[in-house]
Structure formats: structure tokens, C-alpha cells
Q: 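Have a look at the structure that comes next, please.
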There are 2 protein chains.
Amino acid sequence: MEPKSTRKRFHVAQGAGEKQVKLSDVAALAGVSPATASRVLNRPEKVGREMRERVQAAAATLGYVRDAAARALASRRSRTIGAVVPTLDNPIFATGVQGLESRANERGYSLVVASSDYRVDKELRQATMLLERGIEGLMLMGTEHHPSLYALMKTRGVPHVNSWVNEGDAEHPCIGFDNVEAATRLTNYLLDLGHRRFAMIAGVAKGNDRAAARVEGVRAALTADGVALEEGRFIEIPYGVREGRDGLRAVLAGDPATRPTAVICGNDLLAFGAMFEAAAMGLDVPGDLSVVGFDDTELSSHIPPGLTTMHVPSVEMGKLAADYLVNRIEDQPVRHRTRVEVRLVVRGSTAPPRG
Amino acid sequence: MEPKSTRKRFHVAQGAGEKQVKLSDVAALAGVSPATASRVLNRPEKVGREMRERVQAAAATLGYVRDAAARALASRRSRTIGAVVPTLDNPIFATGVQGLESRANERGYSLVVASSDYRVDKELRQATMLLERGIEGLMLMGTEHHPSLYALMKTRGVPHVNSWVNEGDAEHPCIGFDNVEAATRLTNYLLDLGHRRFAMIAGVAKGNDRAAARVEGVRAALTADGVALEEGRFIEIPYGVREGRDGLRAVLAGDPATRPTAVICGNDLLAFGAMFEAAAMGLDVPGDLSVVGFDDTELSSHIPPGLTTMHVPSVEMGKLAADYLVNRIEDQPVRHRTRVEVRLVVRGSTAPPRG
DNA sequence: TTGTATGCGTTATCAT
DNA sequence: ATGATAACGCATACAA
């Protein structure tokens, strides 16, 4: 049941009861037309020094504050961009959003955020809400979205970027890197070290194309070298430290003699868990077991013996996404696909296998 | 110099060239008045089943999307709330924002975020921008803000909450906990363990009243027990792991015989750094040195030997802030001050001093 | 360079 | 329960 059909109307937020001071008030006080006042605020260079200062003074004394809704309605521009990310709980996304927000702000845009919980249907709902809100550009994570979402953005003519990805066949604008290739490199590094028995603790692939791509990259590299990732040596699990610990136990089960010598984790959180659990199991990292992660979060370089991982420039991607979007919105030249550099950071958690 | 006085006008985002379908189009197709169509969308219960379904069908076939700007202008309600946080880079804030966003969304509001970089002047600018954007409620971190900001919110009649704080004299609505008291408890715990020689690695107090309050709490507890925090045993440093390591070296300098037996860190990141550095220095935690943090981030429970810290319910605070704000906006009853529980989580990083 | 007049898409008031 | 119509506050043709 709904709360009651007689819904109470909410009060209109307003100090005391004084009406909002509007642009025409400012114009009146300054003794100019509203049009001129508007120009002073939006294109000051197009108005004479004299009037300009009168208007600015009037605005100041009246404490005038623009009404973005009216501006948006009249100009058909909201000066707002949107982002829907899986969650802000993962620091790597949070920093990405931070980069997006700061750059967008520098360029005069505000950011509206929403989260999808790694679910394409929720992502669609959230994006729709943002579109209603009049966002002029949209940042999404990954490339796997609800088909209706692409359609929606297209018919509304709203530019978007898929971030964290940059795959060969990308038909959509993107800013990121090739997760398959990055995972392949990471794996090859281990292969080059001499490892032949592998395990992988992957993130959940459903609703997360980056996680899936990383698995693909690992498998590809292994296969290319004729190395198998055995059934029990692969586990898919949500990102988290606890999960990494459980994951390690799972993939290391069985005869110690045939135990993997290297474990590849879907991200750093899982890798931290794996390292902690290895220690708890009395295993030496990297002596008994090499561990690699993905993301290069702040802790990775400090956690002993240091985590070998793939560095992902999340803030940079956020900033590039903002630039791409704003450039598109403002009809400035853009690159349709932008690649950022991920780089392998070798630290103490990896070494050649024993023997 | 500005880009050139002849600024190019941006294109109006719109698919192909087809005009946006508006409510009157929907109404026309459904054969009803715009007023009725509007009602169907906003208060469906106030309209007959018959017309309601006609309108809904029409909206669906036309792919109608509401225009929030027009809605906001006409209704004087933006259904948007704002948050300005120091940075999203700190996971504890990111999760707080996540809680705020999710609850706000559940209640039909969108979230616009901005960041202040721990600077009150930037916070003021950002908040002003949000106010222009028509936010109906604002979440801020801490209690220390530019006086003009309080004035602005008051004259505009926009409700706000200070989060992460709940201090005795709070004249403003807040949702959080008493940082002084929490730090005092943390310190007393160490005191009760028998520690008498302390060090503190604090966050930067300037622009961060929470950091300052934590220092105050530590000092108060120490003083109450007649224990001194010596000059060289206190350092103020930005939050970060690297900084925690440097900080530890700094506060542990000097004669090992009079070295502190316990170090209190301003947050978990600093504490992690301190623990890593202690290990690097050959010090056993907690044998030679007890370490405590603040926040209880995901890693705290996993990092060996486990970090004793003060658990801060950041997601919960975000959700409560959203509820408070939305309730205020919608004229529902609210508690002006809401306290959340922080609790001491004792783990392996603390023990009585040797001897 | 400045002013006049119109419209942006929706909600709300007041009738019916 | 439904419809006609007037705001909402601002930007922008277009005219001067």
C-alpha cells in the first residue's frame, strides 16, 4: 500500500519567506535589461565595462544566485555530466570518480553519480534517471551494458565513454586499456619466470566484463604456452580480502606436491587476501608461492614483501573521461578511443618457482 | 586571455534532428490534457484507471523521457541532494558517499558530488555551485566550514548535515560520533593496558576538525592520567601509508630505552604504514610496540597481526545523512543530532608493554 | 553594445 | 476526475 493517497505537499525550501532574488531583480537594481544582466553573467566580454560592473555590483548586493533549472530549460544545457559505476566501495572506482569530478569541475561541469551494483538492469535504470536529469555526457564502466542503454543515449544524442576498457573491437568510445592483453602480460611474466603450475582467483565475471577479460587473458597466455589451468585451480569470487583468503585455500587444496607455484588474482584485494592466507598456511611468498594482483592500490607497494601487480591509472582515466565528454559536448575535437598505459610493477611477491 | 571572444556555440544534444518528445505529445497521443498526463506521471492514484493506462501506453510508445529542468522550474523542487567531501580518494569517504547515494536513490533523489581537498574556501565554492544547481539538501564533512557557507544555506533554506562528527556543543545538525571521545577511549584502552610512553602520528589538523579532535582526545586522556606526549613524539602528516612509515621513524627517533611503547595513528592508513615500518625496523608488533588506528577499513582485520582500531560505520552514516536530509526536505520528523556507534575493535596489534 | 519579446517543458491553480 | 491556463526564471533570436 502507498503511504496514503492524500500525500502531503512538501514545503518549498526558502529562507524565512522572502522570495528568491532573480535575474530581473538584479537587472532592475542595475538599471539595465534582463538580457544585459544575463550577458554579464554568461559572456561578460560581450558587454560594456560600465554596465558590466553595475550588474556585478547589483548581483553582489542582492546576493543573487543563479537558478540552474531555469538556465537549463532556457538554454537546453545542464552543464552536468553523469557517471554510473558498479560501486564506490571499491577504491579503484572511487579514485576514478574523483578524477572525473575534479576535471569536470575545472571545466565548469558538475557530476551526478549513481551506482549499479554490477547489475546491467540497475545500471540502465540509473542511467535513465541521469538522462532525465539532463546530463550532457555519461561515463560508464566497461563495455557490457543493456542494449536499451546504448539506444537511449543514441536517440538522446548524449555522448558516453566506456572506461576501464579499450578492446580491439570497441565500437563505442572508450578510455582505458585492454584487460585481456594486460592479463596476458601479467601471466607471461610469470611464465617467463618459469612457472608452470598456476591458479587463478578471479572476480565475478557476471556483469563485469573487465573481470571476464582478465580471465580470458590469463587463459590465453597459458594456453599459448601449453600450460593448463586445471579445474580446481580456478575460482571466481567477489572482490574482497576475506574472499581472497578463502579463494587461496580453495585453489591450493590437494596434494602439496602438485600445488600451484603461482596464483593470479583478479585484483589487489584478492591478492592481499591470498598473501595473508599463504602466510597463515605457513607458505612463503614468493618462495613457495608467487602472487600477483591487479590495480596497484596504495597498499600494494607497502605490504611485505610488496605485491607484483598491474598498475591501473584510475585517476587519469577519470580525468581523460571528463575531457572526452566535455570536448564532445562542446564540439571540440576528440579521439574516439583513448588508451592509457597499464604497467607491470614487479615487487617482492613474485620469484621463479623453487627448484 | 580567454579562448577568443567569439566563442563557438555548442550544439544541442539531440539524436538525429528529431525534436524531443514532450509531455504534451504524450497527452495528445493519449487524447487527454497535459495536466492529466502530468498527474499520471506524478500522482497516478489521482487519476482514473482508464486514462492512466492510456497515458502510460502513449508514454511508452513515444519513448517519453521527463525533463528534470522543466520539472524543477515549475515545481521548484530538484529532487537532488549534494555532498561535498574532502576527497573520494580516502575509502572511508567513498563508502560514506556510497551509503548516501544509495539511500538517496531509494528515496527518489539523485546525488551531486563535489570535493574540497580539505580546504574551506574550495568547499564554499563547491557548495555554492551545488546550491545554484538547486540541491535541496547538503551533506558536509565535519563541522568546520566557511561562515558564509552556513549563511548561504540558511538564507536559501537548504537543510544540511555535518557528518563524521557529533560533538557536545554542536549547534548544527549532525550525524556522526564524538571524535574527541572516541580518541579518548582508544587512548584509555592503551593506558589500561599499562602503556606510559606514547607517540602519535596524527592527520593534518588544518581544515580537518576530525583530525584535530582526535588529537585533542588523545591528549586529554593522556593528561588525565598524568602521562605526557613529548614534543618529538607527535607528528602531523597527511593520511597515507608512506606517510605512516615516515611518521613512525620520526616519532621513534632517539634512545631506544625511552622509546614509546604505543603509537596512536590518526587513521588506519597511517597505522598500516607504522606497522610496516616497525617490521622493517625489526620491531615486533605488539611485542615491542603497540599500534592503533582509526576507521577500521577492510584490511585492518586481515593485516597480520590485525590492527586494533576504532570502527567507524561510514556507510551507515551516509545512509542516515540521506534519511535526515530527505526527511527534512519532505517535512517529516527528524532528529537534529544523530549519534552513531563507533566501537573499539581489539586485534593483535596491541598488547601490554613489555616488562 | 543594449533592449524586447518569446519560448523552454512542466506543474499548479482554479474551474468544471 | 479532468481540463484550461498561468506561472517558473532565464537565454536568445531579433530588432534597435
Side-chain angles (χ1 to χ4, degrees), chain A residues 5-14 19-28 30-55 58-59 62 64-79 131-134 136 156, chain B residues 5-14 19-28 30-55 59 62 64-79 131-134 156:
Chain A
S5 75
T6 42
R7 293 284 294 281
K8 199 171 164 191
R9 300 322 300 136
F10 313 140
H11 74 243
V12 174
Q14 202 61 228
K19 308 215 145 320
Q20 176 183 156
V21 5
K22 58 185 71 165
L23 191 52
S24 58
D25 299 331
V26 175
V32 304
S33 76
T36 298
S38 174
R39 284 186 203 105
V40 171
L41 263 40
N42 298 314
R43 285 97 133 276
E45 74 277 2
K46 311 226 62 157
V47 71
R49 178 181 191 69
E50 159 78 4
M51 317 236 103
R52 186 185 335 146
E53 292 177 347
R54 285 226 308 270
V55 171
L62 257 39
Y64 171 70
V65 178
R66 292 135 94 119
D67 182 323
R71 268 169 35 103
L73 185 56
S75 67
R76 316 194 50 53
R77 309 228 318 103
S78 69
R79 291 161 183 84
L131 257 11
E132 289 188 355
R133 240 90 199 177
E136 301 186 63
R156 296 223 103 203
Chain B
S5 75
T6 42
R7 293 283 294 282
K8 198 169 162 194
R9 300 322 300 135
F10 313 140
H11 73 245
V12 175
Q14 202 62 228
K19 308 214 143 322
Q20 176 184 154
V21 7
K22 57 184 71 163
L23 191 52
S24 57
D25 299 330
V26 175
V32 305
S33 76
T36 299
S38 174
R39 281 186 206 107
V40 170
L41 264 39
N42 298 314
R43 283 96 131 272
E45 73 277 2
K46 310 224 63 156
V47 71
R49 177 184 192 67
E50 159 78 5
M51 316 237 102
R52 189 190 328 150
E53 292 177 348
R54 285 226 307 272
V55 171
L62 257 39
Y64 171 69
V65 178
R66 297 139 101 129
D67 182 323
R71 261 160 52 93
L73 184 57
S75 67
R76 317 191 51 53
R77 310 229 317 102
S78 69
R79 291 162 182 82
L131 257 11
E132 289 188 354
R133 239 92 200 176
R156 294 223 103 203

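Labels below follow one simple rule: chain letters A, B, ... track the order of the sequence lines, proteins then strands, and each chain is numbered from 1.
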Q: Can you name the residues that form a side chain to side chain contact (heavy atoms under 4.5 Å, CB included) with Ala74(A), not counting sequence neighbours?
A: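 Side chain to side chain contact (heavy atoms under 4.5 Å, CB included) check on Ala74(A) returns nothing, list empty.
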Q: Would you tell me if any nitrogen or oxygen in the side chain of Arg71(A) comes within less than 4.0 Å of OP1 or OP2 on dA11(D)?
A: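 Result: yes.
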Q: Go through the structure and list residues passing side-chain hydrogen bond (donor to acceptor under 3.5 Å, both in side chains) with Arg52(B), not counting sequence neighbours.
A: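 Testing Arg52(B) for side-chain hydrogen bond (donor to acceptor under 3.5 Å, both in side chains), a comparison that skips the adjacent residues, returns none.
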Q: Does a nitrogen or oxygen in the side chain of Ser38(B) sit under 4.0 Å from OP1 or OP2 of dT10(C)?
A: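 The answer is no; no side-chain N or O of Ser38(B) sits under 4.0 Å from OP1 or OP2.
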Q: Return the set of residues passing side chain to side chain contact (heavy atoms under 4.5 Å, CB included) with Arg71(B) (not counting sequence neighbours), or none when no residue passes.
A: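 If we apply the side chain to side chain contact (heavy atoms under 4.5 Å, CB included) test to Arg71(B), skipping adjacent residues, the hits are Asn42(B), Arg66(B), Arg79(B).
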Q: Whole-Å distance between dT11(C) C1' and Arg43(B) CZ?
A: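 Result: 9 Å.
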Q: Would you mind telling me which of dC10(D), dG9(C), dT11(C) lies closest to the side-chain atoms of Leu23(B)?
A: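 Closest nucleotide among those given: dT11(C).
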Q: Residues in side chain to side chain contact (heavy atoms under 4.5 Å, CB included) with Ser24(A), at least two apart?
A: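 Partners of Ser24(A) by the side chain to side chain contact (heavy atoms under 4.5 Å, CB included) criterion, ordered by chain and then number, come out as Lys22(A).
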Q: What residues form a salt bridge (charged side-chain N to carboxylate O under 4.0 Å, His left out) with Arg54(B), not counting sequence neighbours?
A: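 By the salt bridge (charged side-chain N to carboxylate O under 4.0 Å, His left out) rule, Arg54(B) matches Glu50(B).
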Q: Quick one: what's the B/S/- string for nucleotides 2-7 of chain C, heavy-atom cutoff under 4.0 Å, read 5' to 3'?
A: BBB--B
Q: CZ of Arg66(A) versus P of dA11(D): gap in Å, rounded?
A: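 After rounding, the reported distance stands at 7 Å.
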Q: State whether Arg76(A) places a side-chain N or O below 4.0 Å from either non-bridging phosphate oxygen (OP1 or OP2) of dG9(C).
A: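 So the side chain of Arg76(A) is within the cut-off, an N or O lying under 4.0 Å from OP1 or OP2 of dG9(C).
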